[in-house]
Amino acid sequence: MAEKNKAPGFSTLSVQAGQSPDPTTLSRGAPIYRTSSYVFKSVKHGADLFALKEFGNIYSRLGNPTNGFLEERITALEGGAASVSTASGTAAIFNTIITIARVGDEIVSASNLYGGTYTMFDAILPDLGITTRWADARDPQSFEKLINEKTRLVYIESIGNPVLDVADIDAIAAVAHKHHLPLVVDATFSTPALLKTIDHGADIVINSLTKWIGGHGAAIGGIATDSGKFDWSDPKFTLFNQPDKNYHGLRWAIDLSPELKKIAFALRFRTVPLRNLGACLSPEDAWVFLQGVESLPLRIAKHSENALAVAHYLKKHPKAAWVRYPGLPDDPSYPIAKKLLTKGFGGMVVFGVKGGLPAGIKFIESLKLFSHLANVGDVKSLALHPASTSHSQLSEEQQKASGLTQDLVRLSIGIEDIDDIIADIDRGFAAT
Ligand SMILES: *Cc1c(COP(=O)(O)O)cnc(C)c1O
């Protein structure tokens, strides 16, 4: 007999969470609310909404019901308390940082980051007076050495760039929490389908919806999920403990009800940077991601299955100099990956093509099934040779420092038939 009161499983939540038939029209599908603004029932109602005494719709930059369905669904999938959707994954990251840190503060971040995030932390945050200290994602103790009284958060990616090192989230969370700091995890490469980062100590989870959650390369979007577990009452979090001039002097960690204090991060994110800097997700794109997320568990299983087969194939190929995939038993990340990624190792494979830069270019240009482009997480297989494209402006020395080699080819393995995927890789090798 089925267990009573058992929490719904991941696949059920992917399809059902956050949206039920529309009470007015009985529409089963999620309606797209194409509206900028919402009528106040009375002056008091309007005032209560702004004062956070009551939750409701005000203006679609702050929140939209279609986005709300998506936010509730991702919250359920991550096992968090509240989520805020944004115009891109990048906007989710930037708004997360400035929700917590301000001029004079520091962050401690793993250095093996998505390129755009690296530039944000390396070149843009310092201009705003926020200093990034770079740690080694493979060494949890390297984070501790960089933490000081100015540190406001610790940042990692669940599976990093460019060589797919899997972070020991439990160990890094333990370091962050020892110093009463939140751990922010960009979980784009794992998605909640493969790894529930909150269960391993993440306080804030970021997903670029653009990638596997959307899954079809059809829209750009991001989301930040608040675990509801971090206590912001430490006075060093001045943005939460001193009167916030961005929100009529509210002290987020002091003045809110106990219930709302738990999601103080999500509330400040929505009502300060989202409201006043404006990087909101359009309801059309929220709807696109709602379609995508429904099949996330099915797709990610197929991505992982195909990627593992490609990794094994490359491992044996005489023209592949090296291969990195967290699911290969001799991969440096395998011991952690085996512990964390129990449902699959994800859709990304990187390898070195023998013959360096010219061979890399030949390989990429000969592919037919793989699309040569700078995205990941599509149902279609994608390939990139960073040294000749996305990272070609960097000097060879800078490339080396970021762990990027001239021979590195990055594959985002799609859900096509594995024989066709491997035949295409063979075609690429034949050209080198
Ligand atoms: C793509 C990506 C981002 C940025 O997301 P956008 O939606 O493109 O802004 C951030 N982190 C990771 C790991 C990504 O793959």
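Source: prediction; values computed, not measured. Note that ligands are numbered from 1 as they come in the structure, with each ligand's atoms numbered from 1 the same way.
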Residues forming a ring pair (Phe, Tyr, Trp, His ring centres under 6.0 Å) with His317, sequence neighbours excluded:
Tyr313, Phe429

List in chain and number order the residues that pass side-chain contact (heavy atoms from CB on, under 4.5 Å) with Ala137, two or more places apart in sequence or in another chain; answer none if no residue qualifies.
Ala110, Asn112

Show the distances, to 0.1 Å, for all pairs joining an N/O atom of ligand 1 and a protein N/O atom that are shorter than 3.5 Å, listing one pair per line.
from	atom 1	to	atom 2	distance (Å)
ligand 1	5 (O)	Ser208	OG	3.0
ligand 1	7 (O)	Gly89	N	2.9
ligand 1	7 (O)	Ser208	OG	2.8
ligand 1	7 (O)	Thr210	OG1	2.7
ligand 1	9 (O)	Gly89	N	3.2
ligand 1	9 (O)	Thr90	N	2.9
ligand 1	9 (O)	Thr90	OG1	2.7
ligand 1	11 (N)	Asp186	OD2	2.6
ligand 1	15 (O)	Lys211	NZ	2.7

Can you pull out every ring-ring contact (aromatic ring centres under 6.0 Å, His included) where at least one residue sits in residues 92-120? Sequence neighbours excluded, please.
Tyr118-Trp134

Assess the side chains of [X] and [Y]: does a donor N or O sit below 3.5 Å from an acceptor N or O?
| X | Y | result |
| --- | --- | --- |
| His200 | Thr197 | no |
| Ser36 | Ser60 | no |
| Ser381 | Glu416 | yes |

